[in-house]
Protein chains: 2
Amino acid sequence: MKTAKKRSSDKKITLVDVADASGVSAITVSRVINQPEKVSESLRIQVQKAIDSLGYIPNQHASSLASSKSRVIGVAIPSLSNIVFTEVLRGIYEVMGAAGYKVLLVDTHYSPLEEEKMVRTLLSQSPEGLIITGGDQTKACQNFLHKARIPIVQIMELLADPIDMNVGFAHGRAGFDVVKHLLGQGYERIGFIGARMDPRVQQRMQGYKLALEQVGKFEKNYIVTTPEPSSIGVGGELFKSLMASTNGVVDAVFCVNDDLALGALFEAQRMNIRVPQDMAICGFNDIEAAEYVNPSLTSVSVGRYEMGVKASEMIIRVLNEKPIESKKVDMGYEIKKRASTSRL
Amino acid sequence: MKTAKKRSSDKKITLVDVADASGVSAITVSRVINQPEKVSESLRIQVQKAIDSLGYIPNQHASSLASSKSRVIGVAIPSLSNIVFTEVLRGIYEVMGAAGYKVLLVDTHYSPLEEEKMVRTLLSQSPEGLIITGGDQTKACQNFLHKARIPIVQIMELLADPIDMNVGFAHGRAGFDVVKHLLGQGYERIGFIGARMDPRVQQRMQGYKLALEQVGKFEKNYIVTTPEPSSIGVGGELFKSLMASTNGVVDAVFCVNDDLALGALFEAQRMNIRVPQDMAICGFNDIEAAEYVNPSLTSVSVGRYEMGVKASEMIIRVLNEKPIESKKVDMGYEIKKRASTSRL
DNA sequence: TTGTAGGCGTTATCAT
DNA sequence: ATGATAACGCCTACAA
């Protein structure tokens, strides 16, 4: 007479419990869950009933350990508060979710050291693939990454020597093109406003500089930056200080993102500087507000969501051993020319 | 004579490999990693050296399985593209990261059924705690949640009957207060603009309705909503259609979030409707743009980041068996009265 | 179609 | 302070 029955609501239900309850072996239950087509319909229904009534939830750790398949994709981004990354994330979640992968997301706070730590964390979960931002990994981190032998996509920027795959666009060229556009509209003294100067923002600045140097119009003191994170408020502040330090001669500003640009625009309005007549303002990222604000804001549109989708699809293709067209993908960009920079 | 040595770069390095390499037993290596104080310094250094040189990364699945401690916190939010949730997330990541927890994040797309599926996914990872949005779980989902026997916090709104813990604020009262403020400023015909009417937005609308009914000024056709997600563009569209359907008699609009409000504001400007003289506009959430746009936008400020922090701290306290002040926490809100609604 | 045996990499338990 | 042994829950072989 067995007296010590487990109270149903107490212990965690396992595969074996389900097997016992439905009078089959554990492996059959496992099959019902993972390869239902390999189990006869009668048994399948019988087992499924037990699963439901017991409220069984598989233990993914045991499954991952036994099968060395985690169904986890690791993602490392530098910041959660930056809309740029959250939109990439949306793309990743959309594709990965549909493909049955969980996403383990970490925030590296723009620090390669933090990133190294976080990548270790990710790798300890045996992810089947990895999406990480940029190419500024520490040496140790690169080692781990290479050793991992899983598909890895570095996103956001184009890298000369990617660890594995790479999806991004040419930030330097985008900065260059923005300046060309401003020059084309007849603006002459073009300032630069930047915050939190990560590698991609630096590249935009280099492009800006190059374009101005080519026409002999580069002025070092037209550049105003801060290590602080970007925000509308900071954009306004930087705009004011640019105006102050240049005695207001600047007639255009390239802001490295739209938050800064909106800040500059709103501040210009308060200072009674007419945009675009007296001042052109160009942003970056083309967030929704750019199109609707008055005057509408010129900005550089980049497929953030699409970048997340693309990176995810590449990983999934590799995991399914399907060929990918190329290990490097340039997503391109487009300058949305709007009222804030059109003087012609 | 053993000839089949594993090539160092091929197989995954395990605890045993490290143990062999440093001439100790596996458990000692485990201790070096998890309870270094229990290992003599000499051994500790010796083992650590082996760990580093082999590039060993612990297998978290094996660890979780053996210890039934996953160091994972599950988080379910309805949308990744809504800034409201990403800021809550920031708070969660900040606290959980510092406490050594990984965050497994899922997106439920505002659907209880999807949420049920996602909660199963979360639970299969044996999370030590859970943070989920709102109280609209399916019956089955509630069952799982109760069975899980882990700390759970439902966030964003105040619930009458939370599953476990609850952090949020009173959306209905906030809507009510907004209307009171508008009435106090002398606005008489107050419209309502809403999109993606989730439970919290519904509550704001009920508050709006109640406040107007109390003064006999509720008009059903002053309400315009859409199931679409919120955006600036949609805000503009809804504003136009509100003006059209009411022949422009409305002299104030309460928008359920700031994106809609900005859209309404920009559209009003294009329609040459003066804000706040002819039209008051009030938003919700108090995103940064509200403060800087011209005219500045009245909005309801809520501590999103703080809500994420609070929920996380509560979970951690419970996990550490420390007492919490209360299972229910009202984060409150504040109406930021700005130019867009000040006629006095 | 179904089941048996063994192992995945780590940790808890109990010894020494 | 260190180690041996047996789980943890599931899956991959292989067998029937």
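Labels below follow one simple rule: chain letters A, B, ... track the order of the sequence lines, proteins then strands, and each chain is numbered from 1.
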| Does B:Val318 have any side-chain contact (heavy atoms from CB on, under 4.5 Å) partners at least two apart in sequence or in another chain, and if so, which? | B:Pro151, B:Met165, B:Ile324

I'd like a table of donor-acceptor pairs (distance under 3.5 Å, sequence neighbours excluded) in which one partner is a side-chain atom from residues 94-104 of chain A, with atom names and distances.
from, atom 1, to, atom 2, distance (Å)
A:Glu94, OE2, B:His109, NE2, 3.4
A:Tyr101, OH, A:Arg71, NH2, 3.0

| task | Return the set of residues passing side chain to side chain donor-acceptor pair (under 3.5 Å) with A:Ser111 (not counting sequence neighbours), or none when no residue passes. | result | none

| request: Measure from the side-chain N and O atoms of A:Lys328 to the backbone N and O of A:Leu159, and report whether any donor-acceptor pair falls under 3.5 Å. | output: yes

| Range on DNA chain C touched by chain A, heavy atoms, distance below 4.0 Å | C:dT1 to C:dG9

| query | What residues, two or more places apart in sequence or in another chain, satisfy salt bridge (charged side-chain N to carboxylate O under 4.0 Å, His left out) together with B:Lys117? | reply | none

| task | State which residues pass side chain to side chain donor-acceptor pair (under 3.5 Å) with B:Ser79; sequence neighbours excluded, sorted by chain then number. | result | B:Ser81

| For A:Glu321, which residues count as a salt bridge (charged side-chain N to carboxylate O under 4.0 Å, His left out) partner, sequence neighbours excluded? | none

Taking only distance into account, with no hydrogens and no angle test, what donor-acceptor pairs under 3.5 Å do side-chain atoms of residues 28-39 of chain A form with protein atoms, sequence neighbours excluded?
from, atom 1, to, atom 2, distance (Å)
A:Thr28, OG1, A:Ser25, OG, 3.3
A:Asn34, ND2, A:Ser30, O, 3.2

| query | If you pin A:Gly23 and A:Leu65 to their nearest nucleotides in DNA chain C, which one's is more 5'? | reply | A:Gly23

| message | If you take any heavy atom closer than 4.0 Å to DNA chain D, which residues from residues 40-50 of chain A end up in contact? | response | none

For residues 53-62 of chain A, please give each side-chain donor-acceptor pair under 3.5 Å, one per line with the distance, not counting sequence neighbours.
from, atom 1, to, atom 2, distance (Å)
A:Ser53, OG, A:Lys49, O, 3.4
A:Ser53, OG, A:Ala50, O, 3.3
A:Asn59, OD1, A:His61, N, 2.8
A:Asn59, OD1, A:Ala62, N, 3.0
A:Gln60, NE2, A:Ser64, OG, 3.3
A:His61, ND1, B:His61, ND1, 3.3
A:His61, NE2, B:Gln125, O, 2.9

| task | Indicate for each nucleotide in nucleotides 10-16 of chain D, in 5' to 3' sequence, whether protein heavy atoms under 4.0 Å reach the base (B), only the sugar-phosphate (S), or nothing (-). | result | BSB----

| said: Among residues at least two apart in sequence or on other chains, which ones pass side-chain contact (heavy atoms from CB on, under 4.5 Å) with A:Lys69? | reply: A:Ser67, A:Glu128

